[in-house]
S.K.: 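Before I ask anything, here is the structure I am working with.
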Number of protein chains: 2
Amino acid sequence: MNRLLCGDALRIVPTFDEASLDAVITDPPYSSGGTFRGDRMQTTTKKYQLTGTSKTYSDFSGDNRDGRSWAFWSTLWMSDCFRVLKTGCPIVVFSDWRMLPLCTDALQAAGFVWRGIAVWDKTEAARPDKGRFRAQAEYLVWGSKGPMAVDRLDGAETRCLPGVFRAIVRQDDKFHLTGKPTNLMRQVVKICAPGGTILDPFMGSGSTGKAAQLEGYPFVGIDLSQHNVDIAQARINGKTLPSSTPTLFTSDPSPTGYEI
Amino acid sequence: MNRLLCGDALRIVPTFDEASLDAVITDPPYSSGGTFRGDRMQTTTKKYQLTGTSKTYSDFSGDNRDGRSWAFWSTLWMSDCFRVLKTGCPIVVFSDWRMLPLCTDALQAAGFVWRGIAVWDKTEAARPDKGRFRAQAEYLVWGSKGPMAVDRLDGAETRCLPGVFRAIVRQDDKFHLTGKPTNLMRQVVKICAPGGTILDPFMGSGSTGKAAQLEGYPFVGIDLSQHNVDIAQARINGKTLPSSTPTLFTSDPSPTGYEI
DNA sequence: TGTAGGTATGAATCCGACT
DNA sequence: AAGTCGGATTCATACCTAC
């Protein structure tokens, strides 16, 4: 069973039971985009979308922190995730090149053992820049709560996962400004032990959830925006949007949302 | 014309003229913790040959002593490189995933503008790890001395370089424990403006120098080990070793070596 | 269904003009 | 002045349209 919740991860995750989940796989707002503070303060579409693009995506909030506060905030939500993960279970966090060092700091500050960096190669379709190395990769900073739980993989076939994923972004597979390809996420979720429940505290349009469903993992997703929760629900359910949408989670400690 | 020098980069680079070189491309020792020569002189073969780099580190990288002193030492030699580079010119430093955050810190501490991370994908030939993401990539942390010098690229054709290099490690193209494929390095050296002189303060067996030669760049290489300097000389010259090898650079401020 | 050719796009960046 | 705003740029690939 899947649960999709609308609200702030910093409020919702603490309501979950300790040591109840099997993996965290997420793509938080990077607060990147620009050398100067002013550049980060733009709307996300202004920062990340090419001027003159016809297709429009909704802006998302929480993308204007500076480096220090981004690391501080990341440590907070990663600590919450640490609490609800079972011992030996993995966390995977997407990052761009600029935030990568801060991301590894926050992961370790939250108590995780940093295990490595995997690479998402977006191929040569990524935006070029004359006389420079093309910024065509994003990074998957990953670690575990204590020693990796190899034991739990007994019985089920245990695979080595790739360290570099080559996956281009397709228009018909992109439901969010920063949406990830489904084929990429189907590979990534396999870091979770078979049948384990996966949490994505910043699910966006729900690519992690869709991939989890396709690979047979129960999924818990959280997003600040009702719009995104609706899109994710529709994608994962494979249905059109319901007439009655769930209410926004505010201060009530018991979140509301979809159970699908 | 190429120059190959034997000695300590921290002694030799300061003897070069300020703002006299056009690029720094290098692969420093990853685990060389020492500020002191003796620390770096210890044999690393045993550490690397059996397990690859990752097993030799503790599970808790970051602010331990090895990491701190590596970053400190890196800042020193990068600062030397900063001085001898012309304004607007690039520096490229290879790093493994563990040292990557420290490497970006040191690069910026030395005064460079950090511009990004490129990826060397060693492909699936890298050693697999059950139930984990394969550590199959190394990283090229790169930056520039001030704003990138686009002006100097006028006239010559300027291109966007790839951000992910796929290159398998071939045994017959490997003259050194951590040698890089020539095809990889031929791509990387193109970050240097056409005809510019490239410095590699830790040249090892000279892959950077060989690539520089093939792509038409003058090259200055430094290595602590006479053995490596001899190998590099032979590779770049395409000849057998000379009967009289150059003397080890010690405290004499005017280094000796090959001019080829 | 297949091929060829034109157009749109990308988790940017730089720079100059304006407030 | 520091902060904002907007236009130009880069090229491999996907996507669309015409034949």
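Worth saying up front: this structure is predicted, and the values here are computed from it rather than measured. Note on naming: letters A, B, ... go to the chains in the order of the sequence lines (proteins, then strands), and numbering restarts at 1 for each one.
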S.K.: Once you round it to whole Å, what is the distance between P of D:dG7 and CD of A:Q49?
M.R.: 15 Å
S.K.: Which residues pass the side-chain hydrogen bond (donor to acceptor under 3.5 Å, both in side chains) test with A:T26, sequence neighbours left out?
M.R.: A:D200
S.K.: Find the distance A:K122:NZ to D:dA14:P and express it as a whole number of Å.
M.R.: 15 Å
S.K.: Mind checking salt bridge (charged side-chain N to carboxylate O under 4.0 Å, His left out) for A:R166 and listing every partner two or more places apart, or none if nothing turns up?
M.R.: A:D121, A:E124
S.K.: Quick one: on DNA chain D, does A:R134 or A:Q171 contact a more 5' nucleotide (nearest heavy atom)?
M.R.: A:R134
S.K.: Step through it carefully: locate the ring centre of B:W142, locate the ring centre of A:F133, and say whether they are under 6.0 Å apart.
M.R.: yes
S.K.: Can you list the residues that meet the salt bridge (charged side-chain N to carboxylate O under 4.0 Å, His left out) rule with A:R186, with sequence neighbours excluded?
M.R.: A:E215
S.K.: Any chance you could measure A:F112, atom CZ, to A:C89, atom SG, to the nearest 0.5 Å?
M.R.: 10.0 Å
S.K.: If you take all heavy atoms of A:G67 and A:L102, which pair is closest and at what distance?
M.R.: O-CD1, 3.5 Å
S.K.: Would you mind telling me which of D:dT13, C:dA11, C:dG10 lies closest to the side-chain atoms of A:D27?
M.R.: C:dA11
S.K.: Calculate the interatomic distance between A:D121 atom CG and D:dT13 atom C1'; express it in whole Å.
M.R.: 13 Å
S.K.: Taking any heavy-atom pair under 4.0 Å as a contact, classify A:P28: base, sugar-phosphate, or nothing.
M.R.: base
S.K.: For the side chain of A:I168, counting heavy atoms from C-beta on, which of D:dA14, C:dA11, C:dT13 is nearest?
M.R.: D:dA14
S.K.: Whole angstrom is fine here: how far is it from CZ in A:R98 over to P in C:dA12?
M.R.: 10 Å
S.K.: Return the value, rounded to whole Å, for the distance between atom CE of B:M148 and atom C1' of C:dC15.
M.R.: 16 Å
S.K.: Rounded to whole Å, how long is the line connecting atom NZ of A:K130 with atom C1' of C:dC15?
M.R.: 15 Å
S.K.: Taking 4.0 Å as the cut-off, does a side-chain nitrogen or oxygen of A:R132 come that near to OP1 or OP2 on C:dC14?
M.R.: yes
S.K.: A:R127 side chain N/O closer than 4.0 Å to the phosphate oxygens (OP1, OP2) of D:dA8?
M.R.: no
S.K.: Quick one: A:E124 CD to C:dT9 P, roughly how many Å, whole number?
M.R.: 20 Å
S.K.: Which of the following nucleotides, C:dC14, C:dA11, C:dT13, is nearest to the side chain of A:K180?
M.R.: C:dA11
S.K.: Are OP1 or OP2 of C:dA11 and a side-chain N or O of A:K174 less than 4.0 angstrom apart?
M.R.: yes
S.K.: Which pairs would a plain distance check flag for residues 74-82 of chain B, meaning a side-chain donor or acceptor within less than 3.5 Å of a matching protein atom at least two apart in sequence or in another chain?
M.R.:
| residue | atom | partner | partner atom | Å |
| --- | --- | --- | --- | --- |
| B:S74 | OG | B:W70 | O | 2.8 |
| B:T75 | OG1 | B:A71 | O | 2.8 |
| B:S79 | OG | B:T75 | O | 2.7 |

S.K.: Please give the stem ranges for DNA chain C, sorted by first residue number, where a stem is three or more consecutive Watson-Crick or G-U pairs and both donor-acceptor distances are under 3.5 Å.
M.R.: C:2-10 with D:11-19, C:12-19 with D:2-9
S.K.: In this structure, how many angstroms lie between the P atom of D:dA12 and the CZ atom of A:F133, rounded?
M.R.: 16 Å
S.K.: Kindly point out which of C:dA11, C:dT13, D:dC15 is positioned nearest to the side chain of A:W97?
M.R.: C:dT13
S.K.: Do we count A:Y30 as stacking onto C:dA11 if the rule is ring centres under 5.5 Å and planes under 30°?
M.R.: yes
S.K.: Among residues at least two apart in sequence or on other chains, which ones pass salt bridge (charged side-chain N to carboxylate O under 4.0 Å, His left out) with B:K122?
M.R.: B:E138
